[in-house]
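Heads up: the structure comes next, in structure tokens.
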Amino acid sequence: MRFSRAYIPTTKESPKDAQLPSHIYLSRAGFVAQVASGLYNFLPLGKRVLRKIETIINEEMTACGALEVDLSFVTPAELWEESGRIEKFGKELLRFRDRKDNLFVLGPTHEEMMVSIVRNRITSYKQLPLNVYQVKTKFRDEARPRFGLMRAREFVMKDGYSFHATTEDLDREFDAMEAAYKRILERLGLTFRIVEADSGAIGGTGSKELMVLASSGEDTLAVCDTCEYGANVEAARRSPRVLIPEAPEANFAKFKTPNIKSIEDLSNFFHVDPYYTLKAVVLRAVYEEGSEPVCFFIRGCDELQEVKARNSVGAIDLVDISEAELTEIGLVPGFIGALDQDKIRFVMDNDTRNATSMICGANEADYHFVGVDLSVMGDVPFADLVAVAVGDGCPHCEGKLLHTKGIEVGHIFKLGTVYSAPLKAEFLDENGRSQPFIMGTYGMGVSRLVAAVIEQHHDEKGCIWTHATAPYMVNLMVSNIKEEAHLLYAEELYATLGKNKIEAILDDRKERFGFKMSDAELIGFPFTVIIGKELNNGHVQILVRATAEMITVDADKVMEKLAELIG
RNA sequence: CGGGGCGUAGCUCAGUAUGGUUAGAGUACUUGCUUUGGGAGCAAGGGGCCGGAGGUUCGAGUCCUCUCGCCCCGACCA
């Protein structure tokens, strides 16, 4: 490509709306342009990057035996009514009617459509397993699109679906997909973690997220400093505590604790570690129909993890509750305890099971119990309710957990029969019995990956593309095109690169050195060959974008050097 | 969906509190000359329904009402 004939509208100023590096640099360097809220046009450079990522995904999927398909973007609303998701998705589904007044939606994901293409066509266990996928535009009418390509309404996603006769076979495919996704991200040159995730309302037996590590990530991850363990904080686990503070010595007793309400006050009052106090967090659990207050009991040293708490009671949402409401149901704020608790539904954290030497509220103003042995509680509901904290032990090894930020670029699920059962997508098993397909689903955000690469790889000058994602590997920058010998040299090198299948762009624009250099750095080509005054001494220079290293090379050894650098 | 902010040249923004010449700057663009290793200099140009619709007024970018769009914080995000 000749830069003079390309369409790469770079700008010195950032669009005023851009906040994130990826948004700023992808806009400034002419990869994308915003159309409306959450809608972006991909310009020539952006399209090249998108295609490179797609190609890698296609190669890895093909290697796994997955089959590419292309489903209609516009989908009949009936399918969504059948699966029951038309209500669940709510306003995120963009709906419209055709000229015959039939209702359609723009596909936000394609479980229903994928099931529909297999349903009644795959009818025997002998035809299974099957893994089909597509790389396609999706549309979700998000309440609040933001962060440029990171959270757009229209975006490109690879979505794959597998169909199995047995859960064992699903497990095998799930592992194969995890491995394939790992290879894709490795090839793209990204630093990432595969983490355990909350499978949320969709249920299923397993769900993992692929997180590209970047400080601007929207998700918080707990990762082990020693092993591979990582989990979204919504689902993170920790090993049992090893350093247990010394237990206070006290026999069971009711103790006057005037106006001592917070864990901090309580801990100071009795001079005990908060580990031995019982924290009560009351929230209103909201269900499909109705709501109720629920109390979550955890150790005073821990924090409640809302997603875990929500899952423990099967609620859609947890909302704050006022002290007045607590009083109304007969609770005493600041002195709520678990013993003889009959005013409210409650759940105990796993870590309080059989806990001894505890201090907890006496359900009476200005009184706490000390020396409580929670094993007397008997048969009460327990669940994992707490947020793992920095420094907690890894559940798999001796390491410590750290927090880091990640961008979710992929999510793989074991769906089971969540869609196949309601959609009546069934096959006959070996015994001639009709069974719903056992399904897995595997998503990867392709356009989000474009942004993720830049979030992880940029500096104050602009983009730094990895080798696999760069729109062009090499930029041949002619410092002054009026120097005919220089231009001629560049043309020859450009032709040689073409013969060697190295993608190059020839910056033959009638611009000054500084202007072209700034563009090269902003766009972020991995290598820029500077053809200028050094050529008079028989040299050119190669700027390595990632390291800012400037390498001087003999003019006739450039190909060898580039080949070595590209690797 | 709650709260806040912003819409003026392709882009980034002044100008709006207190209404009053022909609506400005920087940048980008066109032409010419000079310059040519870090976003050049000089000169001359083109470019605006001041988001839209109503209204108040002799007069509205500026005041009032309505509306549309965009951004930020939060809720939401299989």
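Every chain is numbered from 1, with letters handed out A, B, ... down the list of sequences. Excluded from the calculations below are hydrogen atoms, water molecules and symmetry mates; all remaining heavy atoms, backbone and side chain alike, are included.
- If A/Lys533 and A/Arg153 are placed on RNA chain B by their nearest nucleotide, the residue sitting closer to the 5' end is A/Lys533.
- Annotation: side chain of A/Val307 is not in contact with side chain of A/Val233 (no heavy-atom distance under 4.5 Å).
- Residue A/Ser14 is classed as a sugar-phosphate contact, given heavy-atom separations below 4.0 Å to backbone atoms only.
- Each of A/Ile438, A/Thr167, A/Leu423 was compared with A/Thr417 under the side-chain contact (heavy atoms from CB on, under 4.5 Å) criterion, and only A/Ile438 meets it.
- Contact annotation for A/Pro108: no contact, since no heavy-atom pair falls under 4.0 Å across all strands.
- Counting non-hydrogen atoms under 4.0 angstrom, A/Glu408 reaches nothing in the nucleic acid.
- Out of B/rC6, B/rG37, B/rA78, the shortest distance to the side chain of A/Arg140 is found at B/rA78.
- For A/Asp17, the listed nucleotide lying nearest its side chain is B/rC71; candidates were B/rU36, B/rC71, B/rA75.
- Between A/His458 and A/Tyr25, the ring planes lie tilted relative to each other; the angle falls in the 30° to 60° range.
- Checking the phosphate oxygens (OP1, OP2) of B/rC1, a side-chain nitrogen or oxygen of A/Lys91 falls inside 4.0 Å.
- Listed nucleotides B/rC77, B/rG39, B/rG26 differ in distance to A/Glu13; the shortest reach to its side chain belongs to B/rG26.
- Counting non-hydrogen atoms under 4.0 angstrom, A/Glu218 reaches nothing in the nucleic acid.
- Looking at the side chain of A/Ser37, the nearest of the listed nucleotides B/rC71, B/rA78, B/rU12 is B/rC71.
- Across all strands shown, A/Gln34 has heavy atoms under 4.0 Å from sugar-phosphate atoms exclusively, and none from any base.
- The side chain of A/Arg28 lies closest to B/rG39 when the candidates are B/rG39, B/rC77, B/rG37.
- Among the nucleotides B/rC6, B/rU35, B/rA78, the one closest to any side-chain atom of A/Lys16 is B/rC6.
- A syn orientation is assigned to B/rA17, its glycosidic angle lying within 90° of 0.
- The side chain of A/Arg146 lies closest to B/rG74, out of B/rC70, B/rG74, B/rG39.
- B/rA40 and B/rU34 make up a base pair, with Watson-Crick or G-U wobble contacts both under 3.5 Å.
- Taking atom P in both B/rA17 and B/rG10, one finds a spacing of 25 Å when rounded to whole Å.
- No donor-acceptor distance shorter than 3.5 angstrom exists from the side chain of A/Arg193 to the backbone of A/Ala222, with no hydrogens or angles considered.
- Nearest nucleotide to the side chain of A/Arg144, out of B/rC73, B/rA78, B/rG39: B/rC73.
- Under the 6.0 Å distance and 45° angle rule, A/Arg448 does not count as a cation-pi partner of A/Phe155.
- Tested against A/Asn232 for a side-chain contact (heavy atoms from CB on, under 4.5 Å), the candidates A/Glu196, A/Lys208, A/Met211 yield a single pass: A/Met211.
- Candidate nucleotides B/rA78, B/rC72, B/rC76 were compared by shortest atom distance to the side chain of A/Arg85, and B/rA78 ranks first.
- As judged by a 4.0 angstrom heavy-atom cut-off over every strand, A/Lys12 is placed among the base-contacting residues.
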Passes salt bridge (charged side-chain N to carboxylate O under 4.0 Å, His left out), A/Lys136 versus A/Asp70? Steps please. CA-CA 7 Å; A/Lys136 183 114 185 150; A/Asp70 199 338; 2.7 Å; yes
Taking it one step at a time, do A/Ser162 and A/Glu173 satisfy side chain to side chain donor-acceptor pair (under 3.5 Å)? CA-CA 8 Å; A/Ser162 67; A/Glu173 188 72 6; 5.3 Å; no
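- Across residues 510-520 of chain A, A/Arg512, A/Phe513, A/Gly514, A/Phe515, A/Met517, A/Ser518, A/Asp519 each have a non-hydrogen atom less than 4.0 Å from an atom of RNA chain B (numbered order).
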